[in-house]
Amino acid sequence: MLSQIGSPAYSTTKHAAVGFAENLAISHEADGIKVSMLCPQGVDTNMLRAIPKGPQSDDGDLSPEEVAQDALKGIEQETFVILPHPQVLGYMRNKTENYDRWIAGMAKIQAKMRKSYEK
């Protein structure tokens, strides 16, 4: 739902997954098929540990078990968007309320990260 700073391929595939999930939910609602998409931020996995610390971890890294519990609860409640990090809802609201401001803010974070890599 949010872009991953410094990784255009990861951001693009995440956005594609959101679009695909939305399409599945819309297309199969009449069939009684429910779709959920799980959108955590930092999850304490080998993938996260292999990259430099970044904004994806600012709200705390969750364990895979915590994310799995949230996923099961969301599926049981037939929730479309499952957010193990509830802060993401606010970030999404900020993003859609003023895209230009959001892009500028993300660009500032990108520049800050770039400077830290250069050190």
Rounded to the nearest 0.5 Å, what separates atom CD1 in I5 from atom CZ in R114? 10.0 Å
Contacts table for residues 8-25: side-chain donor-acceptor under 3.5 angstrom, sequence neighbours left out:
| unit_1 | atom_1 | unit_2 | atom_2 | d |
| --- | --- | --- | --- | --- |
| S11 | OG | Q4 | N | 2.6 |
| S11 | OG | Q4 | O | 3.1 |
| S11 | OG | S7 | O | 3.3 |
| T12 | OG1 | P8 | O | 2.8 |
| T13 | OG1 | A9 | O | 3.2 |
| T13 | OG1 | Y10 | O | 3.0 |
| K14 | NZ | L2 | O | 3.1 |
| H15 | ND1 | S11 | O | 3.2 |
| N23 | OD1 | S27 | OG | 3.1 |

Short question: side chain of K95, backbone of M1 - any donor-acceptor pair under 3.5 Å? yes
Straight-line distance of M92 CE to E97 CD, nearest 0.5 Å: 11.0 Å
Between D44 and L62, is the side chain to side chain contact (heavy atoms under 4.5 Å, CB included) condition met? List the steps. CA-CA 6 Å; D44 186 19; L62 299 177; over 6 Å; no
List for me each residue that meets side chain to side chain contact (heavy atoms under 4.5 Å, CB included) alongside D31, sequence neighbours excluded, and say none if there are none. H28, I33
H85 side chain near Y91 side chain, heavy-atom distance below 4.5 Å: no
Any residue meeting side chain to side chain donor-acceptor pair (under 3.5 Å) with N94, in chain and number order, not counting sequence neighbours: none
Who pairs with L89 by side chain to side chain contact (heavy atoms under 4.5 Å, CB included), at least two apart in sequence or on another chain? L83, R93
Identify each donor-acceptor pair in which a side-chain atom of residues 69-82 lies under 3.5 Å from a protein atom, sequence neighbours left out, and give them as a table.
none

